[in-house]
Amino acid sequence: MQVLILLTGKVYAPNELPADRQLPGKDLLGQTHVFDRMEFVNNLQTIAAVQQALDSNSNIEIRHIVQRQNIWLLKKQAKALQQFVQQQNIDIVHQFWGGPAAWMMSKATGKTPYVLSLLGSDLMGTYNVAGKSSWKGWLLQWFSRLAAIRANAVVLMSAKMKSRLSPALYNKTHIIPEGIDANVFTPMPMQDAKRQLGWDEAKQYILFFDNGNRVKNAPFAAQVVHEVQQQFPSVEMLRVQQVPHQ
């Protein structure tokens, strides 16, 4: 079986990232770029799990969609995808991330089975600091829904995301939350975990994973925690930034 994985991410210059975060990768036009490994931690773990599940005669190819907001470049990449699928006898195309890129790539795959994994804001939309939905977020959702209609299977991370799709698509929708590495994370009493981390056992902690993306709205999270602290002074928010997901 020949599987093609499509990832979508920002291109960086080598001097913009430390060496351990640089992830080389090819786009559909055959050009090599540098991506931020941290953006693809969960995707790469999923790909590794798929590779392990496949037999030894199977192969996974990875290509990156670049400049996802450039419609003309997306058209060129969609055409290249069509040729790649035919020339490499691809059996399944699995794309991570929706939006216009997913809509255009889903059409380019033709009759080849196409799986779409939607990751969050590509289906839920993006919002400004006032909590208002942006027009770009609306377009992102719209194109993601169109791509989901064309897909043979859709993978989502939560039931809330599923509610954003038409019920007519539920029979091909699968909810698979992002997992954890059981070799690193194991169940234990909360107080024991706090002691291992050196945290105050009398406090209640809120972990906020802040990758710098505006959609996470860190200022709003801090404001909410501040309001909570008025009644529950022992609550503290810890912002987790620029660390490996493990």
Item to check | Pair listing, side chain to side chain donor-acceptor pair (under 3.5 Å) test, anchored in residues 73-86, at least two apart | outcome: none
Checklist entry - Does the side chain of R164 come within less than 4.5 Å of M124's, by heavy atoms? => result yes
Checklist entry - Does the side-chain contact (heavy atoms from CB on, under 4.5 Å) test come out yes or no for L29 and L73, once each step is laid out? => result CA-CA 10 Å; L29 302 176; L73 186 55; 4.0 Å; yes
Next on the checklist: Using every non-hydrogen atom in the two residues, find where L123 and R145 come nearest and quote the distance to one decimal.
Outcome noted: CD1-CG, 4.1 Å
Checklist entry - Between K10 and D36, is there a donor-acceptor pair closer than 3.5 Å when you use the side chain of the first and the backbone of the second? => result no
Item to check | Atom pair CG/OG1 of L6 and T109 - distance to nearest 0.5 Å | outcome: 9.0 Å
Checklist entry - Out of curiosity, N152 CG to I92 CD1, how far, rounded to the nearest 0.5 Å? => result 9.0 Å
Next on the checklist: For H226 and M237: C-alpha separation, side-chain torsions, deciding distance, then whether side-chain contact (heavy atoms from CB on, under 4.5 Å) applies.
Outcome noted: CA-CA 9 Å; H226 177 72; M237 182 175 80; over 6 Å; no
Checklist outcome for this item: On a heavy-atom basis, the closest approach of W97 and S121 is CH2-OG, 3.3 Å
Checklist entry - V93 versus V85: any side-chain heavy-atom pair under 4.5 Å? => result yes
Checklist outcome for this item: For R195, the salt bridge (charged side-chain N to carboxylate O under 4.0 Å, His left out) test, sequence neighbours excluded, returns D192, E201
With a 3.5 Å cut-off and sequence neighbours excluded, list the donor-acceptor pairs that the side chains of residues 99-106 form with protein atoms.
{"unit_1": "S106", "atom_1": "OG", "unit_2": "A102", "atom_2": "O", "d": "3.1"}
{"unit_1": "S106", "atom_1": "OG", "unit_2": "W103", "atom_2": "O", "d": "2.7"}

Checklist entry - Can you tell me if S58 and D55 form a side-chain donor-acceptor pair at under 3.5 Å? => result yes
Next on the checklist: I want to check something: taking the side chain as every heavy atom from C-beta on, are L118 and V155 in contact at a cut-off of under 4.5 Å?
Outcome noted: no
Next on the checklist: Which residues pass the salt bridge (charged side-chain N to carboxylate O under 4.0 Å, His left out) test with R63, not counting sequence neighbours?
Outcome noted: E61
Checklist entry - What residues, two or more places apart in sequence or in another chain, satisfy side-chain hydrogen bond (donor to acceptor under 3.5 Å, both in side chains) together with E16? => result none
Checklist entry - Would a 4.5 Å heavy-atom cut-off, applied to side chains only, mark R37 and Q22 as touching? => result no
Checklist entry - Crowded around Q230 CD? As in, over 12 foreign heavy atoms under 6.0 Å? => result yes
Item to check | Minimum side-chain heavy-atom gap V3-L54 below 4.5 Å | outcome: yes
Item to check | E39 side chain reached by Y12 side chain, heavy atoms, under 4.5 Å | outcome: yes
Checklist outcome for this item: For D200, the salt bridge (charged side-chain N to carboxylate O under 4.0 Å, His left out) test, sequence neighbours excluded, returns none
Next on the checklist: Could you tell me if the side chain of L28 sits less than 4.5 Å from the side chain of V66, heavy atoms only?
Outcome noted: no
Next on the checklist: Apply side-chain contact (heavy atoms from CB on, under 4.5 Å) to residues F96 and T46 and explain how you reach the verdict.
Outcome noted: CA-CA 11 Å; F96 290 83; T46 299; 4.1 Å; yes
Item to check | N/O donor-acceptor pair under 3.5 Å between S158 side chain and M161 backbone | outcome: yes
Next on the checklist: Please verify the inter-ring angle class for H33 with F35; under 30° counts as parallel, over 60° as perpendicular, anything in between as tilted.
Outcome noted: perpendicular
Checklist entry - So, K172 side chain and A151 main chain: donor-acceptor pair closer than 3.5 Å or not? => result yes
Item to check | V235 vs I206, side-chain contact (heavy atoms from CB on, under 4.5 Å): CA-CA, chis, key distance, verdict | outcome: CA-CA 7 Å; V235 169; I206 297 173; 3.7 Å; yes
Next on the checklist: Looking at D122, is its backbone amide N or carbonyl O close enough to the side chain of S144 to form a donor-acceptor pair, meaning the two atoms are under 3.5 Å apart?
Outcome noted: yes
Next on the checklist: Quick check for you: to the nearest 0.5 Å, what is the distance between M190 atom CE and M188 atom CE?
Outcome noted: 12.0 Å
Next on the checklist: As a quick check of understanding, evaluate ring-ring contact (aromatic ring centres under 6.0 Å, His included) for H64 and F40, giving each step before the final call.
Outcome noted: CA-CA 11 Å; H64 292 259; F40 301 105; 5.4 Å; yes
Checklist entry - Looking at CG of L165 and CD of Q141, how far apart are the two atoms once the value is rounded to the nearest 0.5 Å? => result 10.5 Å
Next on the checklist: A side-chain contact here means heavy atoms from C-beta on lying under 4.5 Å apart; do L81 and L4 qualify?
Outcome noted: yes
Checklist entry - Under 3.5 Å, is there a donor-acceptor pair between the H94 and S117 side chains? => result yes
